Q: 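Just dropping this structure here.
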Amino acid sequence: MNELFIEKLLNVINLTFKTYYEEPPKDVTFPFGVVPTITFMPLNDGYQAVFDIEIYNNELSNQSIEKICDNLRKSLDQYSYLDDKIGFHLGFESLILSRQSEQDLTYRRISFIARIFDKKGE
């Protein structure tokens with residue numbers, strides 16, 4: 001169920017912004033996102049997952065990192081997914097807009113909570 005959730009979640013996120021699970025490929029171009037970890041917690045019926053999307057950008061990019069965060073929040077908050085194997089609902093949790101820069105790299109983190117329902121009992 002975890003692998004299926006991660007696959008479907010990344011498909012949904014990638015409709016808005018190119019994002020990778022755990023680490024990006026070596027030849028990635030800016031801006032990009034990474035979901036570094038996902039914390040799963042059991043519920044009475046299903047699971048709750050808390051995850052961050054770390055957003056990386058550089059000074060040469062023509063995209064604003066704040067605009068990327070706004071687009072992710074708008075597209076993922078209250079998003080629901082359902083197929084014959086899994087269902088989940090996403091909710092916006094928090095956004096850290098503090099400027100964390102290393103040379104020409106800018107970083108932000110946006111957090112979400114997912115309620116996951118396994119339809120096959122897998």
Side-chain angles (χ1 to χ4, degrees):
M1 194 264 331
N2 294 350
E3 187 175 343
L4 181 60
F5 170 71
I6 293 167
E7 174 190 334
K8 300 298 183 184
L9 175 65
L10 286 177
N11 289 343
V12 169
I13 296 170
N14 281 316
L15 293 173
T16 302
F17 182 65
K18 188 63 181 167
T19 302
Y20 304 91
Y21 180 61
E22 293 184 330
E23 70 179 58
K26 301 291 183 212
D27 61 346
V28 69
T29 58
F30 288 97
F32 66 90
V34 175
V35 176
T37 58
I38 301 174
T39 304
F40 291 93
M41 296 162 277
L43 299 172
N44 286 339
D45 185 20
Y47 295 88
Q48 175 175 288
V50 177
F51 64 94
D52 297 329
I53 303 171
E54 296 177 342
I55 302 160
Y56 297 90
N57 203 356
N58 68 8
E59 293 174 354
L60 303 176
S61 174
N62 60 358
Q63 294 185 32
S64 158
I65 200 163
E66 286 76 15
K67 183 70 170 169
I68 294 168
C69 291
D70 286 344
N71 289 341
L72 283 168
R73 183 183 44 78
K74 288 175 188 175
S75 66
L76 299 178
D77 189 29
Q78 304 301 314
Y79 179 87
S80 293
Y81 177 87
L82 181 63
D83 67 20
D84 61 338
K85 296 180 182 176
I86 193 170
F88 59 87
H89 178 78
L90 302 177
F92 171 73
E93 177 69 14
S94 64
L95 172 62
I96 297 176
L97 282 177
S98 63
R99 185 164 182 89
Q100 299 178 7
S101 295
E102 292 181 21
Q103 296 173 352
D104 63 347
L105 179 70
T106 303
Y107 162 88
R108 300 287 193 272
R109 184 174 67 221
I110 187 167
S111 301
F112 293 89
I113 293 179
R115 304 277 194 270
I116 307 165
F117 305 96
D118 184 2
K119 296 188 67 183
K120 296 255 185 186
E122 297 174 351

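Every value quoted in this text rests on a predicted model; they were computed, and no experiment measured them. For reference, positions follow the sequence shown, starting with 1. What's counted below: heavy atoms across the whole structure, side chains too, no hydrogens, waters or symmetry copies.
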Q: Indicate the atoms forming the closest heavy-atom contact of Ile116 with Met1, along with that distance.
A: CG2-SD, 3.4 Å
Q: Are Phe117 and Phe88 side-chain neighbours, meaning at least one heavy-atom pair lies under 4.5 Å?
A: no
Q: Sequence neighbours left out, what passes side chain to side chain donor-acceptor pair (under 3.5 Å) with Asp83? Give chain and number order.
A: Tyr81
Q: Are Leu90 and Leu82 connected in a single hydrophobic cluster, I mean Ile/Leu/Val/Met/Phe/Trp/Tyr linked by side-chain heavy atoms less than 4.5 Å apart?
A: no
Q: Mind listing the closest non-hydrogen atom pair of Leu95 and Cys69 along with its distance?
A: CD1-SG, 3.7 Å
Q: Sequence neighbours left out, cut at 3.5 Å: what donor-acceptor pairs do the side chains of residues 5-22 make with other protein atoms?
A:
| unit_1 | atom_1 | unit_2 | atom_2 | d |
| --- | --- | --- | --- | --- |
| Asn11 | ND2 | Glu7 | O | 3.4 |
| Asn14 | OD1 | Thr19 | N | 2.6 |
| Asn14 | ND2 | Leu10 | O | 2.9 |
| Asn14 | ND2 | Thr19 | O | 3.4 |
| Thr16 | OG1 | Ser75 | OG | 2.9 |
| Thr19 | OG1 | Phe17 | O | 3.0 |

Q: Kindly work out whether a path of hydrophobic side-chain contacts (I/L/V/M/F/W/Y, heavy atoms less than 4.5 Å apart) joins Tyr79 to Ile113.
A: no
Q: Could you give the distance from CD1 (Ile68) to OG1 (Thr106), rounded to the nearest 0.5 Å?
A: 10.0 Å
Q: Rounded to the nearest 0.5 Å, how far does CG of Leu72 lie from CD1 of Ile110?
A: 5.5 Å
Q: Dump the intermediate steps for side chain to side chain contact (heavy atoms under 4.5 Å, CB included) on Tyr47 and Asn2, then the final yes or no.
A: CA-CA 10 Å; Tyr47 295 88; Asn2 294 350; 5.9 Å; no
Q: I'd like to check the side-chain contact (heavy atoms from CB on, under 4.5 Å) partners of Lys67; sequence neighbours left out, ordered by chain and number.
A: Ser64, Asn71
Q: Taking side chain to side chain donor-acceptor pair (under 3.5 Å) as the test, write out the residues that go with Ser61, two or more places apart.
A: Asn57
Q: Closest approach of Phe32 and Pro24, non-hydrogen atoms and distance?
A: CE1-CG, 3.6 Å
Q: State which residues pass side chain to side chain donor-acceptor pair (under 3.5 Å) with Ser80; sequence neighbours excluded, sorted by chain then number.
A: His89
Q: Tell me every residue that passes salt bridge (Lys or Arg N to Asp or Glu O under 4.0 Å) with Asp77, counting only those two or more places apart in sequence or in another chain.
A: none
Q: Could you work out, with salt bridge (Lys or Arg N to Asp or Glu O under 4.0 Å) as the rule, every residue matching Arg73, not counting sequence neighbours?
A: Asp70
Q: Once side-chain contact (heavy atoms from CB on, under 4.5 Å) is applied, do any residues pair with Leu43, and if so which ones, sequence neighbours excluded?
A: Gln48, Arg115
Q: If you look at every heavy atom in Val34 and Glu23, which pair is closest and at what distance?
A: CG1-N, 4.2 Å
Q: Side-chain donor-acceptor pairs under 3.5 Å in residues 49-56, sequence neighbours left out?
A:
| unit_1 | atom_1 | unit_2 | atom_2 | d |
| --- | --- | --- | --- | --- |
| Asp52 | OD1 | Ser111 | OG | 2.4 |
| Glu54 | OE1 | Tyr56 | OH | 2.8 |
| Glu54 | OE2 | Tyr107 | OH | 3.4 |

